[in-house]
Each structure stands twice: as C-alpha cells, then as structure tokens.
Amino acid sequence: MYCKKLTYQNYRNIESAEINLDGGVNVLYGNNAQGKTNLLEGIYYFACGKSFRSATDKELIRMGSEYGSVSIDFSDGQRDRCHEVRFFRNDRKICLKEGIKISRMSDFIGVFRAVLFSPEHLSIVKEGPAERRNFCDIAISQLYPAYMASLSKYKKLLQHRNAVLKDEEGPTSDGMIEVLSAELAREAAFIAAYREKYVCKLSSYVSDIISDMTCGREKAELFYPLAADESEYMRLLTSNVRKERYAGTTLYGIHKDDVKVTLNGNDSRVYASQGQQRSIALAMKLAEGEISKDDTGEYPVFLFDDILSELDKTRKEYILSKLGSRQVIITCCEDIPMGKIFTVSNGSICM
C-alpha cells in the first residue's frame with residue numbers, strides 16, 4: 001500500500017494543498033496547531049470512513065467555506081486508485097471512487113488501509129474494555145467488509161432492543177424482545193468468532209515484538225473470551241429479560257466483551273508500569289500492520305501522529321528502527337533527520 005498524492009481543499013485550516021509523498025518515511029514538521037494532525041485525519045478518513053477525532057463531517061469544512069474536499073491517490077499493490085470525498089455545509093457529502101459516485105462511505109473501507117497511532121492510543125492498555133474493543137473493530141473492519149456490516153447491524157439492533165427494554169412490559173414488547181434477541185444473537189456469534197481469531201493472531205505478534213523490544217525479559221499476551229455460538233447468546237438474551245428490563249439495557253453480548261492483556265502472566269492494567277503499558281500499546285499497533293500484510297500481501301500505510309514526543313528514547317529508537325519496507329507518515333514538532341520532510345505552518349505545506 002503506497003499513498004502517492006494527497007489533495008485538500010477547504011479542509012479544516014487548510015485552504016488548498018497538494019502533497020506528493022515518498023514511498024518510505026514522510027515527516028510533517030511544525031509547531032502545534034498548524035494543521036499536521038488535520039492532514040493525517042484526511043488520510044485516515046478513507047481507511048475508517050470517519051474522522052478519528054469524533055468530528056462531524058461539517059466540522060471538517062474550513063471556517064467560512066460552504067464546501068471542502070480531500071482526495072487520495074494510492075497504489076494497492078495491483079493498480080493505482082483515486083478516492084475523493086466532498087463535504088457540503090448544507091448538503092450530504094459526495095463520495096467518489098475512481099471518479100464514480102458511490103452511495104456509501106463504507107464502500108471505501110478495506111480498499112485503502114492504514115494504521116493510526118496517536119497519543120490517545122498509548123492508554124489503550126490501561127483504559128476500559130471499550131477502548132480495546134474499538135481497536136479490534138477498526139482493525140478487523142479494514143480487512144473484512146462483512147465484519148463491518150455485521151457490526152453496524154448489531155449496533156442498530158442493540159439500540160432498538162435497549163429502547164424496547166425501557167418500555168412497559170406487555171405481549172407486544174415481549175414478542176419484539178424475542179425477535180430482536182434472535183437477530184442480535186446471530187450477529188454476536190459472527191462478530192465474536194472474528195474477534196477471537198484476530199486477537200489470537202495479534203497476541204502472537206505482540207508477544208514477539210515485546211520480547212524483541214525487551215531482549216527477551218518480558219512476555220505479553222492477549223486473550224479474547226472464548227466465542228459463544230448463536231444458541232448460547234440466544235439463551236443469555238432470553239433468560240435474563242427481567243433483569244435487563246430492570247437495568248433498562250442489554251446486559252449480555254459482544255458489546256460487553258474485553259480483550260485481556262497480560263505481561264509476564266499478570267494483568268497489565270494493574271501490574272504493568274506506564275512505560276510497559278505504552279510498550280504493549282505500541283506493539284499492538286505494529287502487530288496490526290503485520291496482520292494486515294499477512295491477509296492482503298501489502299503493508300498498510302502507517303500514520304504516527306506526534307507519537308515520538310510521547311515515547312522515551314528506547315521506545316523511540318525501536319519504532320524508528322522498524323520503519324523499513326513500510327510507508328510511514330509522521331507528524332512531529334521536533335526535527336527528525338530522516339525521510340522526506342514537509343514543513344506545516346498555519347495550514348500551508350512546503351518542502
């Protein structure tokens with residue numbers, strides 16, 4: 001996977017910019033609040049279908065403008081491609097795939113693949129289960145469109161079921177709960193099977209990376225709960241309805257699962273130091289890229305958003321030593337004497 005050119009128009013604080021990237025390391029250098037992360041946000045939009053900063057599409061349009069756009073020219077190892085998204089303040093966005101309008105942003109997912117590593121990801125190990133579920137969901141969705149479709153359906157069904165649980169009890173409500181539980185159980189079994197398989201691969205790579213990083217002194221492992229089958233999810237969802245009505249929410253399903261992370265056999269959330277937790281988070285991101293390469297034959301594009309300033313010297317040197325044969329786009333406030341360097345200032349980019 002090789003991102004060749006990026007074009008921005010009225011995007012965030014960027015009035016107009018075109019960047020031709022190198023196939024190796026690319027450094028976006030400049031002070032804070034100049035637009036470096038905006039550039040990465042535009043790239044990653046094509047990988048996950050939305051902003052990684054929880055922004056609405058209208059927030060991506062430059063202040064004072066009625067429209068904005070971002071396009072990406074890249075090679076997927078087989079042929080050159082061009083994707084574009086146009087945003088409108090008073091209308092829906094338009095998605096173009098090789099110049100052809102498509103109806104859903106999800107049609108982009110899995111075509112352009114990227115691994116994003118930002119300072120927020122350093123807390124993925126010590127934070128709650130939702131952070132680790134989200135990590136898995138984004139990574140798996142880029143590889144398997146069917147997974148993303150199932151996850152989207154599950155979330156809609158869950159929202160509907162929760163709303164029914166909050167209503168008054170009655171025959172109609174009970175019947176709807178039964179129907180929704182059956183559909184939810186089907187999607188839950190599908191999603192859990194993918195997650196379990198992915199976390200097993202992830203654990204193998206993370207273990208090797210941590211061992212390499214610490215010269216064999218430490219061993220990290222990741223575990224996902226043994227995936228239940230559809231009948232087991234259905235049992236859980238139908239035998240605890242009274243308890244769920246009292247809580248006003250669905251208490252069982254893949255939305256409650258966690259990825260357990262251990263270091264030398266101990267729970268890393270409790271017993272690992274902050275530095276060790278950061279090492280595991282770094283290893284998880286590098287492992288995400290390795291799994292993507294295993295499944296597709298090509299490395300994804302690696303996006304490092306001001307991550308080097310958050311790492312100590314040892315971890316910084318380790319990650320920089322692993323950049324060979326990958327395209328990497330790094331934002332930083334410090335001078336990095338490597339790769340193709342772009343200076344970013346007040347939304348303008350120059351070499």
Where do [X] and [Y] come nearest, in terms of heavy atoms and distance?
X: Glu66; Y: Asn90; value: OE1-ND2, 3.4 Å
X: Gly347; Y: Ile14; value: O-CG2, 3.6 Å
X: Asn13; Y: Gln34; value: ND2-O, 3.0 Å
X: Gly35; Y: Val344; value: C-CG1, 4.0 Å

Do [X] and [Y] have side chains that get closer than 4.5 Å, going by heavy atoms?
X: Val27; Y: Cys332; value: yes
X: Arg113; Y: Thr296; value: yes
X: Ile330; Y: Leu323; value: yes
X: Leu184; Y: Tyr154; value: yes
X: Gln277; Y: Val261; value: no
X: Ser71; Y: His83; value: no
X: Ser65; Y: Tyr67; value: no
X: Asn20; Y: Lys4; value: no

Main chain of Lys243, side chain of Asn240: is a donor-acceptor contact present, judged purely on distance under 3.5 Å?
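Between the backbone of Lys243 and the side chain of Asn240 there is no qualifying donor-acceptor contact (under 3.5 Å).
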Taking His255's backbone N and O only, do any of them form a donor-acceptor pair with Arg133's side chain (distance below 3.5 Å, no angle check)?
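Checking the backbone N and O of His255 against the side chain of Arg133, a donor-acceptor pair under 3.5 Å is found.
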Less than 4.0 Å between a side-chain N and a carboxylate O, is that true for [Y] and [X]?
X: Lys93; Y: Asp57; answer: yes
X: Glu310; Y: Arg278; answer: yes
X: Lys322; Y: Asp212; answer: yes
X: Glu183; Y: Arg186; answer: no
X: Asp76; Y: Arg81; answer: yes
X: Glu244; Y: Arg242; answer: no

Applying salt bridge (charged side-chain N to carboxylate O under 4.0 Å, His left out) to Arg245 and Asp174, what does each step give before you reach the verdict?
CA-CA 11 Å; Arg245 281 192 183 280; Asp174 289 342; 3.0 Å; yes
For Lys101, check side-chain contact (heavy atoms from CB on, under 4.5 Å) against everything at least two apart and list the hits.
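Once residues adjacent in sequence are excluded, the partners of Lys101 under the side-chain contact (heavy atoms from CB on, under 4.5 Å) criterion are Ile94, Leu96.
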How about [X]: does its [atom1] atom have over 12 heavy atoms from other parts shown lying under 6.0 Å from it?
X: Gln78; atom1: CD; value: no
X: Phe223; atom1: CZ; value: yes
X: Lys340; atom1: NZ; value: yes
X: Lys50; atom1: NZ; value: no

Quick one: is the NZ or CZ of Arg195 closer than 6.0 Å to the six-membered ring centre of Tyr224, and within 45° of its axis?
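Pair Arg195/Tyr224 does not count as cation-pi.
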Please confirm whether Lys293 makes a cation-pi placement over Tyr299, using NZ or CZ under 6.0 Å from the six-membered ring centre and within 45° of the ring normal.
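Judged by the rule, Lys293 and Tyr299 form a cation-pi pair.
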Look at the side-chain heavy atoms of Ile, Leu, Val, Met, Phe, Trp and Tyr, link any pair under 4.5 Å apart, and say whether Ile291 and Leu222 land in one connected group.
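Linked, Ile291 and Leu222 end up in one cluster.
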Looking at [X] versus [Y], is the centre-to-centre ring distance below 6.0 Å?
X: His121; Y: Phe135; result: no
X: Phe46; Y: Phe112; result: no
X: Tyr144; Y: Tyr194; result: yes

With a 3.5 Å cut-off and no angle check, do the side chains of Glu41 and Ser51 form a donor-acceptor pair?
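Judged by distance alone, the side chains do pair up.
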Under a 3.5 Å threshold, yes or no: a donor from one side chain and an acceptor from the other, between Ser118 and Glu120?
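There is such a pair (donor and acceptor under 3.5 Å, judged by atom type) between the side chains of Ser118 and Glu120.
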Using the salt bridge (charged side-chain N to carboxylate O under 4.0 Å, His left out) rule, take Asp306 and Lys36 through it: C-alpha gap first, then chi angles, then the decisive distance, then the call.
CA-CA 9 Å; Asp306 199 27; Lys36 303 187 302 296; over 6 Å; no
In Å, rounded to the nearest 0.5 Å, how long is the span from NZ of Lys155 to CD1 of Ile254?
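Those atoms lie 8.5 Å apart.
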Please work out which of the three classes, parallel, tilted or perpendicular, describes the rings of Tyr11 and Phe87, given edges at 30° and 60°.
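Tilted: the ring planes of Phe87 and Tyr11 meet at 30° to 60°.
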Residue from Glu290, Lys201, Gln142 passing side-chain contact (heavy atoms from CB on, under 4.5 Å) with Asp295:
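One option only clears the test, and that one is Lys201.
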